[in-house]
Amino acid sequence: MSTDRTVSTDRTVSTVHTVFGPLAPWLVRRGPALPHEHLVLDLGRPQDRHAVLDAGPDTTAVTRELASLREEFGLSLVVELTCRGMGRDPAALARISRASGVPVVAATGWYHEAFHPPEVASGDVEELTGILVREIEDGIGPTGIRPGVVGEAGTSGERPTEPERRALLAAAAAARATGLSVVTHARLGRGGQAQLDLLTGAGLPPHRVCLGHQDLLDDTAAHRRLAAAGAYVAFDTVGKEHYRPDADRLRLLLALLDAGHADRILLSCDVSRRAYLQAAGGHGYGHLLRDFLPRARAAGVDEDLVDLMTRRNVLRFLTGSECDEER
C-alpha cells in the first residue's frame, strides 16, 4: 500500500457524497435527513435469522416508505450505515435512491467484532486503513459507488476488543485522509467515551465523530460530557420501544437540549430488520417524523431546533463543518 493513500491530512469536504455523486449541502434547503438507517443488510445468524432487509423482496417496501416520506415531510437524505460484513449492497442502494427520489449516502468500515469479516483478524491498522481509503477514493467493488461516511464502526462493550480497536483506528486514519466523518455503533449505548477517546487520540477532531445509540443509555451526564467534548450524540433508535420507551428518549433529549447542546444532536430510527418496516407492521422510517417529533414539539421544542437536529446538524457532521452556516 503506497504511503500517499494513508497519510493523515485532516482533509475536509464541501459536499455530501451520495450513491449518485456529490451533493452540495446548500441544495438540501428543506426537509429532514435520517442519519442512521439501513435499507439493505444481512445480520442474520442462527440465533437471530430475522435481522435482514433483503435487496430483493424488501426493496419495494423500503422504496415506498422513503418516497412517502419525501412527499409528506420533504425527506431530503438518508445515511445508510450498512458497512463491510453487514450484507452491504451499494447497487441496491442506488436502485432505492433512484426509485424513491431520496438521496442516499453509502458507508464503509466495520461493525462490531461478531460481524467482522476475516480481513479484520488478519490485517494491521495500516492494511485496514488502506482498504477503507481505496473504497472511499475508488468506489465499492465494480459499482464504483463511493462511500460518503465511515461507519457504523462498532464496539460491543465498555471497551473495544483488540480487533475493534484496530478497526476504529483504521476508521480514524481513513477519515483523516479523505475528509469523511465517522459514525459509531455503541452497543446499548455503552462505550461511547472509550470510542471517542480512541478516535480523537488518533487525531480525528471530535466534531467528525458521531457516537451511536446514546438514547439506549439512561445517563444524561454521559451525554453532556460527549457533547461538551464536541462530538455528535446520536439518539438514533427512536421507535425501538422494546429496547427503551420513547418517553425515556424524549426525557433524555430534553435534558441535552436544556444543557445547551442542540448543535450536537442527531436523530434517527435505525431500521435494521424486516419487522420494523411499515409493510410488516413495524414503526418504519417515518416514526421519528410522524410520532416522536410531534411529542417533542408538544414538550416545547420549536421548529428551528427541529430543523437543526434533523437537517443542519446532519449536513454539518457529514461535511465536517464546525459552524451552522445558515445562522
Side-chain angles (χ1 to χ4, degrees), residues 15-23 28 31-43 51-56 58-70 75-111 115 132 135-136 139-141 143-154 171 175 180-185 210 212-213 232 234 236-239 266-274 276-277 282 284-289 310-311 314-315 317-319:
T15 59
V16 176
H17 203 90
T18 75
V19 295
F20 289 121
L23 175 68
V28 188
L34 293 173
H36 189 129
E37 299 298 341
H38 301 278
L39 307 181
V40 178
L41 91 167
D42 186 354
L43 296 180
V52 173
L53 287 168
D54 194 276
D58 296 326
T59 296
T60 299
V62 170
T63 300
R64 286 176 177 169
E65 282 201 45
L66 298 190
S68 175
L69 294 174
R70 180 176 59 82
L75 180 65
S76 60
L77 186 72
V78 172
V79 182
E80 211 276 0
L81 291 175
T82 305
C83 57
R84 300 175 69 90
M86 295 178 73
R88 184 180 56 173
D89 189 335
L93 300 187
R95 292 195 300 271
I96 292 169
S97 180
R98 181 181 291 108
S100 67
V102 177
V104 172
V105 174
T108 190
W110 292 278
Y111 196 37
F115 296 94
L132 300 186
E135 283 202 336
I136 295 165
I140 302 169
T143 68
I145 291 173
R146 294 171 56 190
V149 70
V150 180
E152 56 183 301
L180 298 190
S181 295
V182 175
V183 181
T184 75
H185 164 89
C210 173
H213 311 326
Y232 287 88
D236 54 17
T237 65
V238 176
L266 297 179
L267 304 174
S268 211
C269 295
D270 190 24
V271 171
S272 55
R273 59 178 62 213
R274 184 175 297 124
Y276 295 143
L277 297 176
Y285 300 97
H287 177 80
L288 171 70
L289 308 175
T310 62
R311 185 181 65 89
V314 180
L315 297 174
F317 169 68
L318 290 173
T319 59

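What you are looking at is a predicted structure, and each value in this text was computed from that prediction instead of being measured.
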Problem set entry | Distance in Å, Arg274 CZ paired with Leu41 CG, rounded so as to fall on 0.5 Å steps |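 Answer for the CZ-CG pair, Arg274 versus Leu41, is 10.5 Å.
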
Exercise. In Å, rounded to the nearest 0.5 Å, how long is the span from OG1 of Thr63 to CG of Asp58?
Worked result: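 If I round to the nearest 0.5 Å, the distance is 10.5 Å.
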
Exercise. Can Val78 and Val105 be said to form a side chain to side chain contact (heavy atoms under 4.5 Å, CB included), step by step?
Worked result: CA-CA 6 Å; Val78 172; Val105 174; over 6 Å; no

Does any part of the side chain of [Y], heavy atoms only, come nearer than 4.5 Å to the side chain of [X], both counted from C-beta?
X: Leu43; Y: Met86; answer: yes
X: Thr237; Y: Cys269; answer: no
X: Val79; Y: Leu34; answer: no
X: Leu39; Y: Val104; answer: yes
X: Leu277; Y: Val62; answer: yes

Whether the side chain of [X] engages the backbone of [Y] through a donor-acceptor N/O pair (distance < 3.5 Å, no angle test) should be reported.
X: Thr15; Y: His17; value: no
X: Thr108; Y: Val150; value: no
X: Ser68; Y: Arg64; value: no
X: Ser76; Y: Pro32; value: yes
X: Thr82; Y: Val40; value: yes
X: Arg146; Y: Gly139; value: no
X: Ser268; Y: Asp236; value: no
X: Ser97; Y: Leu93; value: no

For this session: Check the side chains of Glu152 and His38 for a donor-acceptor pair under 3.5 angstrom, ignoring hydrogens and angles.
Result: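 The answer is yes; a qualifying pair exists.
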
Grab the two heavy atoms, one from [X] and one from [Y], that are nearest each other, plus how far apart they are.
X: Tyr285; Y: Leu53; answer: OH-CD1, 4.0 Å
X: Pro147; Y: Leu180; answer: O-CD1, 3.7 Å
X: Ala51; Y: Arg273; answer: CB-NH2, 3.5 Å
X: Ala91; Y: Ile145; answer: N-CD1, 4.3 Å
X: Val19; Y: Ala106; answer: CG1-CB, 4.1 Å
X: Glu37; Y: Val271; answer: OE1-N, 2.8 Å

Problem set entry | Ile136, Val183, Val16 screened by side chain to side chain contact (heavy atoms under 4.5 Å, CB included) with Val149, the one that passes |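 Only match with Val149 under side chain to side chain contact (heavy atoms under 4.5 Å, CB included): Val183.
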
For this session: On the 0 to 90° scale, with breaks at 30° and 60°, tag the His36-His213 ring pair as parallel, tilted or perpendicular.
Result: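 Taking His213 first and then His36, their aromatic rings sit tilted (interplane angle of 30° to 60°).
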
For this session: Can you tell me which residue pairs pass the salt bridge (charged side-chain N to carboxylate O under 4.0 Å, His left out) test with a partner in residues 81-110, sequence neighbours excluded?
Result: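 Listed by first then second residue: Arg84-Glu119, Arg84-Glu135, Arg88-Glu135.
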
Exercise. What do the steps show when you test Leu77 against Val102 for side chain to side chain contact (heavy atoms under 4.5 Å, CB included), and what is the final call?
Worked result: CA-CA 6 Å; Leu77 186 72; Val102 177; 5.7 Å; no

